[in-house]
Protein chains: 2
Amino acid sequence: MTRRDIFAKQARVLKALANESRLMIVDRLNRGECTVGELTELVGSDASTVSKHLALLRAHGIVEDRRQGNLVYYRLLTPCVCNFFTCATQVLKERSR
Amino acid sequence: MTRRDIFAKQARVLKALANESRLMIVDRLNRGECTVGELTELVGSDASTVSKHLALLRAHGIVEDRRQGNLVYYRLLTPCVCNFFTCATQVLKERSR
DNA sequence: TGGCGACTTGGCCATATAGCCAATAGAGTG
DNA sequence: CACTCTATTGGCTATATGGCCAAGTCGCCA
């Protein structure tokens with residue numbers, strides 16, 4: 001695996017997070033698991049859209065789901081992604097100087 | 001500024017980093033400032049493409065440039081973005097489990 | 001001032017993304 | 001089984017992205 005491949009993979013992970021709706025989802029999940037329904041209401045997009053966001057996060061190993069009855073619960077698998085919030089904030093601060 | 005606005009802004013920062021070429025650039029700059037020429041060679045894309053990547057990073061307050069003679073040097077303004085590498089790696093590890 | 005090297009900007013094209021609506025799938029319940 | 005509720009998948013469209021080529025800008029030095 002070349003150095004370049006690693007950057008490509010890391011870029012895909014970042015891309016998976018680089019979306020307003022998905023950040024909202026991650027932020028919510030960081031405070032505990034919850035259902036797709038709750039996330040849908042939070043995000044305010046169509047349920048299908050939210051479902052696709054979740055599928056994408058799952059495909060990247062960022063979240064995990066479990067079905068209980070007819071509800072599906074999602075939870076954060078790699079909480080370290082929340083460091084991104086801190087850094088993104090730092091960058092925003094820097095820009096406004 | 002609503003909570004949602006903040007997520008939108010943070011998403012834009014992440015997006016600015018979510019690209020293989022730009023990650024290569026950031027990684028290189030993390031080891032010290034350098035010229036556009038060197039970055040162009042490193043990335044292996046057209047000079048114009050690299051220039052646009054740099055403009056984007058600059059617009060987001062991630063890098064800064066200074067001209068010296070007819071060379072332009074770029075340097076990292078917010079080194080914390082390099083934490084992303086660590087976390088992205090963690091996510092990749094998680095996915096491969 | 002004319003030319004050259006180093007970057008940047010404008011224009012264009014192919015692909016990827018995020019959204020919605022409609023249709024489908026799964027689990028529980030009458 | 002029929003029906004409902006929850007979530008996912010398929011299909012479509014509009015917009016954004018990243019790449020290259022060509023043209024323009026900026027500083028230096030004949």
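Below, chain A is the first sequence line, B the second, and so on; all start at residue 1.
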CA sep, side-chain torsions, deciding dist, call: A/Cys34, A/Leu39, side-chain contact (heavy atoms from CB on, under 4.5 Å): CA-CA 7 Å; A/Cys34 74; A/Leu39 292 172; 3.5 Å; yes
From CA spacing to verdict: side-chain contact (heavy atoms from CB on, under 4.5 Å), B/Arg75, B/Leu29: CA-CA 6 Å; B/Arg75 65 189 185 77; B/Leu29 294 182; 5.6 Å; no
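Mapping A/Tyr73 and B/Gly44 onto DNA chain D via the closest heavy atom, the residue that lands nearer the 5' end is A/Tyr73. Comparing B/Lys52 and A/His53 by the nucleotide of DNA chain C whose heavy atom lies nearest to each, the residue mapping closer to the 5' end is B/Lys52. Each of B/Val50 and A/Arg22 was assigned the nucleotide of DNA chain C with the nearest heavy atom; the assignment lying further toward the 5' end belongs to B/Val50.
To the nearest 0.5 Å, atom CE of residue A/Met1 and atom CD1 of residue A/Ile6 are 5.0 Å apart. How far CG of A/Leu23 is from CG of B/Leu14: 5.5 Å, rounded to the nearest 0.5 Å.
Remark: C1' of D/dA16 and CG of B/Leu56 are 12 Å apart, rounded to the nearest angstrom. Rounded to whole angstrom, the span from the CG atom of B/Leu54 across to the P atom of D/dG18 amounts to 13 Å. Atom CG of A/Asn19 and atom C1' of D/dA16 are 12 Å apart (whole Å). As rounded to whole Å, 13 Å separates atom C1' of D/dT6 from atom CG of A/Asp65. Computed from coordinates, the A/Leu39 CG to D/dT8 C1' distance equals 15 Å when rounded to whole Å. Nucleotide D/dG18 holds its C1' atom 17 Å from the CG atom of A/Leu14, rounded to whole Å. As a whole-Å value, the separation of A/Tyr74 OH from D/dT8 C1' is 8 Å. The CG atom of A/Asp46 sits 15 Å away from the P atom of D/dT6 (whole-angstrom rounding).
Across all strands shown, B/Ser45 has heavy atoms under 4.0 Å from sugar-phosphate atoms exclusively, and none from any base. Across all strands shown, B/Arg12 has no heavy atoms under 4.0 Å from either base or sugar-phosphate atoms. Note on B/Thr40: nothing from the nucleic acid sits closer than 4.0 angstrom, heavy atoms only.
Linking ILVMFWY side-chain heavy atoms closer than 4.5 Å, directly or via other members, places B/Val91 and A/Leu56 in two distinct hydrophobic clusters.
Across D/dA7, D/dA22, D/dT8, the shortest atom-to-atom separation from the side chain of A/Ser48 is found for D/dT8.
First and last contacting nucleotides of DNA chain C toward chain A (any atom under 4.0 angstrom from a heavy atom, 5' to 3' order): C/dT17 to C/dG28.
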Base-contact (B) and sugar-phosphate-only (S) positions in nucleotides 23-30 of chain D, heavy-atom cut-off under 4.0 Å, - elsewhere: ----SS--
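Considering only side-chain N and O atoms, B/Ser21 lies under 4.0 angstrom from the phosphate OP1 or OP2 of D/dG19. A sub-4.0 Å separation between OP1 or OP2 of D/dG19 and a side-chain N or O of B/Thr49 is absent.
Considering B/Lys15, B/Arg12, B/Arg4 as possible partners of A/Glu20, the one that fulfils the salt bridge (Lys or Arg N to Asp or Glu O under 4.0 Å) test is B/Arg4. When each of B/Asn19, B/Ile25, B/Thr78 is paired with B/Leu57, the side chain to side chain contact (heavy atoms under 4.5 Å, CB included) condition holds for B/Ile25 and for no other.
For D/dG18, its base never sits under 3.5 Å from the side chain of A/Lys15 at any donor and acceptor pair.
Ring-plane geometry between A/Phe84 and B/Phe84 is classed as tilted, the angle between the planes lying from 30 to 60 degrees on a 0 to 90 degree scale.
Here the closest heavy-atom approach between residue A/Asn30 and residue A/Cys82 is recorded as CG-SG, 3.3 Å.
Contacts classified as salt bridge (Lys or Arg N to Asp or Glu O under 4.0 Å) and involving residues 37-61 of chain A (residues at least two apart or in different chains) are given here: A/Arg28-A/Glu38, A/Arg58-A/Asp65.
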